[in-house]
Each structure stands twice: as C-alpha cells, then as structure tokens.
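Below is one structure, written out as structure tokens; the observations come after it.
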Amino acid sequence: MRRPSVRDDLALHPGYHSPQVDVDVRLNTNEAPESPPDGFRAALADELAAIDWHRYPDRDAAALRSAIAEHHGVEPGQVFVANGSNEVLQTLCLTYGGPGRTVATFEPTYALHSHIPKITNTAVASGERTDDFAIDLDEVRRVTAEHDPTITFLCSPNNPTGMIETEETIRAVADLAPGLLVVDEAYGQFAPWSALELVTPDDPIVVTRTYSKTWSMAAGRLGYLVGPAWLVDELSEVVLPYHLDAFKQAAGRVALRFEAEMQARVATLVEERGRVSAALAGMDVTVWPSASNFILFRPDTVSGDIVWDRLVEHSVLVRNCASWPRLDGCLRLTLGNADENDRFLAALTDVLDPANLESA
Ligand SMILES: *Cc1c(COP(=O)(O)O)cnc(C)c1O
C-alpha cells in the first residue's frame, strides 16, 4: 500500500489560520464580543427539543430561507444558505469556477477569496488596490479584460482594511465584470449602505452575508447569499444534499427574532469604533477608516511584530498582518466591548511609550 499524494494542483500551503493564544482579551478574529441574547438560547432550546432526530432536515431549508428573505425584503427563492459564508463562496466556485476558469480578486482582501478558488481548481487573477487600498477601476478594467473572469470578488467593507466601496464603484465594477460579481458583505451591518440594493432578478450580482459576526453565531457556521433565483437554483444542484442540518436551520430562524437586540449591539460597536479610532489617531500609528467592526493600523515608530508580541505580553491578542502582502507592519484590531477596547488602548499606549520602546 502507498499513501496517496495530495492533488498535484494543491501545492500545500499553510492556509488560513489565526493563532489562538491564551489571553484575557481576544480581539483577533472579528467575532461579536458577546453571546446571543439569553432569550435566543431559551427559544432555540425549545426548537431543538422538537427536532425529529431520525429524519433528514428540510433539504430546501424553506423556513429559514423565508425568514431571511423577509428580513431583506426579497423572495425566498433568492436566498441560498450554507455552512458559513465560506461554504457559500465555495459553492459559487464549484458551480461557476473549475478548470479553465478564473476568479478575479483585488488585493489586499479576504484570504479565502483566493484560497477557495485554489482548492476548487480555479485560476486566480489578482489585481492590486491603490496605495491607500481603494479599488482602482483602471486595474479592474485591465484584469477583467486580460483574464475574462467568470467570478469577480469584492469585499465591502473590505477585510482586512475595513474600508467600504461606494455604490458608484460597485456599479462600475459590475459593468466591467464579464461574469458574476460577488460582493462579500460579512460586515455589511456595520456599514452605511449595502450592495443588496443592486441585486435584481436577472443580473449576475450576489451579496453574501454571515451569521458569524453581527449575529454572534460564529460557533454555528451559517451564512447565505441574496441573488437572482436562477443562480440559487444552480447552486442548489451542486451543494451536497442535506448539507444544512436541522439545528442550524432552527438557530438561523430564531436569531432573526432578535433583530432589535442585534441592531443595538451593532450601534454600540459602531460607537466604539469611533471612540477607538479617535484614540488611535492621537497615537504614533497610522489608522485606516473603517466601516466595519475592526480597525487596521500600523505603528509608526516600531515594527508591527514587536507591537504584536508586546500586546500579547499585556494579554491582548490582535491579528498580526505584518507579514501579509501589501500590509507590512499592520495589525488588525477587532472591536470588543468597551472594557476590552480600553484594555487594548492602555496596553498599546504602554507598548508605544518611548521609554518602553528603548529596549525593543
Ligand atoms: C468572517 C468573514 C466571513 C465569514 O465567514 P463564515 O464562513 O460565514 O464564518 C466571510 N467573508 C469575510 C470577508 C469575512 O471576514
């Protein structure tokens, strides 16, 4: 017998991982700082008690899709649900990507927008953003003309920069993209406008959303897209039968009953974003404007790696992007609750204190 070798086109690379260090203040993976409301747990426990364990779940997830559709004011047939929005992206690549086809991305952006095409044997054409991380329409024109991508990914607000695209920019990219335009709105609720407005019954434009961030359900793995019904039908043919279990379908439905609580939490995080951004603006760091629940910044006087290490010594964990392409020296802070954000600001103030930096 011989061990199988990994597929030739999959040069094994480390993939997408954020180190989970044991610290008091975890601000590195863009989750919500709190669990869902207590009422959610109670309502969900009732729903779970009623599940028929011996039966397959509703293959169409009809009740969940209706609830999401109502939430957004679209038809249930325009909603595709999956195990996290990453599985939505994977199903898009399985359906419209594959050998001989290309996905376009504009870097720096969400790492999975190029990783998922690779594992589905789809080529990636990576365009570049401008020096200040904006979408450059000339570059979009060049990449789409040269590579004729079947799928073009945009992320707005963009992870890891936090910046949002204007409606004008997204419409312009939609006009240039020769195939499907996917707008990843994992952070859409934190932003002043949504590309959901651009979804129509015909145009190949979809918006993806997740329960992992705003709905405090990262542990549950649930995401979806809103798009034309013809596309949802095509994805449903490709995804595995019964891929979405009954527990998750219930959790997704129940969560939507707590919209007011979710909106209040989003409002608090948006307020914290303003407060923390203002505090960072007064420190020796460069800060990028965020429309999300995280903030990208770069220490001016010392390397990002050193600051990251020193923050961990203060038991504060942020995302170290210092070695990522185009993000030299950058760190990404996920906004936590007010106490956690204060702990972060105090730790960073201490780390950047010139007296403490002399030993760095
Ligand atoms: C966090 C995140 C997701 C979420 O993925 P899930 O699989 O739903 O947890 C998707 N896109 C972006 C840009 C993200 O940052």
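Both counts, for ligands and for their atoms, begin at 1 and track the order of listing. Side chains included, hydrogens not; waters and symmetry mates left out as well; all remaining heavy atoms used. Positions are given from 1, in the same order as the sequence printed here.
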[X] N/O under 3.5 Å from ligand 1 N/O:
X: N30; answer: no
X: R221; answer: yes
X: D184; answer: yes
X: N83; answer: no

**OP:** With atom 15 (O) of ligand 1 as the reference point, say which of Y187, F153, F294, W215 has the nearest heavy atom.
**Re:** Y187
**OP:** Would you tell me which option among E31, H113, K213 has the nearest heavy-atom contact to atom 1 (C) of ligand 1?
**Re:** K213
Original post:
Can you get from L345 to L317 by hopping between Ile, Leu, Val, Met, Phe, Trp and Tyr side chains that sit under 4.5 Å apart?
Top reply: yes
Original post:
Are V124 and Y110 joined in one hydrophobic group, where the rule is that I, L, V, M, F, W and Y side chains link up if heavy atoms are under 4.5 Å apart?
Top reply: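 V124 does not cluster with Y110.
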**OP:** Over 60° means perpendicular and under 30° means parallel, so classify the ring planes of W288 and F133, tilted if in between.
**Re:**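 Plane angle between 30° and 60°, so tilted.
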Original post:
Parallel, tilted or perpendicular: which fits the ring planes of Y211 and Y224, with parallel below 30° and perpendicular above 60°?
Top reply: perpendicular
With backbone taken as N, CA, C and O and side chain as the heavy atoms from C-beta onward, which portion of [X] lies under 4.0 Å from ligand 1: side chain, backbone, both, or neither?
X: Y211; answer: neither
X: N159; answer: side chain
X: S85; answer: both

Output the list of atoms in ligand 1 that are nearer than 4.0 Å to some heavy atom of [X], sorted by atom number.
X: S212; result: 6 (P), 8 (O), 9 (O)
X: A186; result: 2 (C), 3 (C), 10 (C), 11 (N), 12 (C), 14 (C)
X: C155; result: 13 (C)
X: G84; result: 6 (P), 7 (O), 8 (O)

Subject >> Identified side chain to side chain contact (heavy atoms under 4.5 Å, CB included) counterpart of P228 within the set D202, V206, T200 >> reply: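 Single side chain to side chain contact (heavy atoms under 4.5 Å, CB included) partner of P228 among D202, V206, T200: V206.
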**OP:** Determine, using ring centers only, whether W215 and H71 are less than 6.0 Å apart.
**Re:**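 Yes, close enough.
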**OP:** Answer yes or no for R129 and F106: cation-pi contact, defined as NZ/CZ to six-membered ring centre under 6.0 Å and angle to ring axis within 45°.
**Re:**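 The answer is no; the distance or angle limit is not met.
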**OP:** For the pair R265 and E261, evaluate salt bridge (Lys or Arg N to Asp or Glu O under 4.0 Å) and give the outcome as yes or no after the intermediate values.
**Re:** CA-CA 6 Å; R265 289 165 174 216; E261 285 86 341; over 6 Å; no
**OP:** Please name all residues satisfying side chain to side chain donor-acceptor pair (under 3.5 Å) with T120, sequence neighbours left out, ordered by chain then number.
**Re:** T122
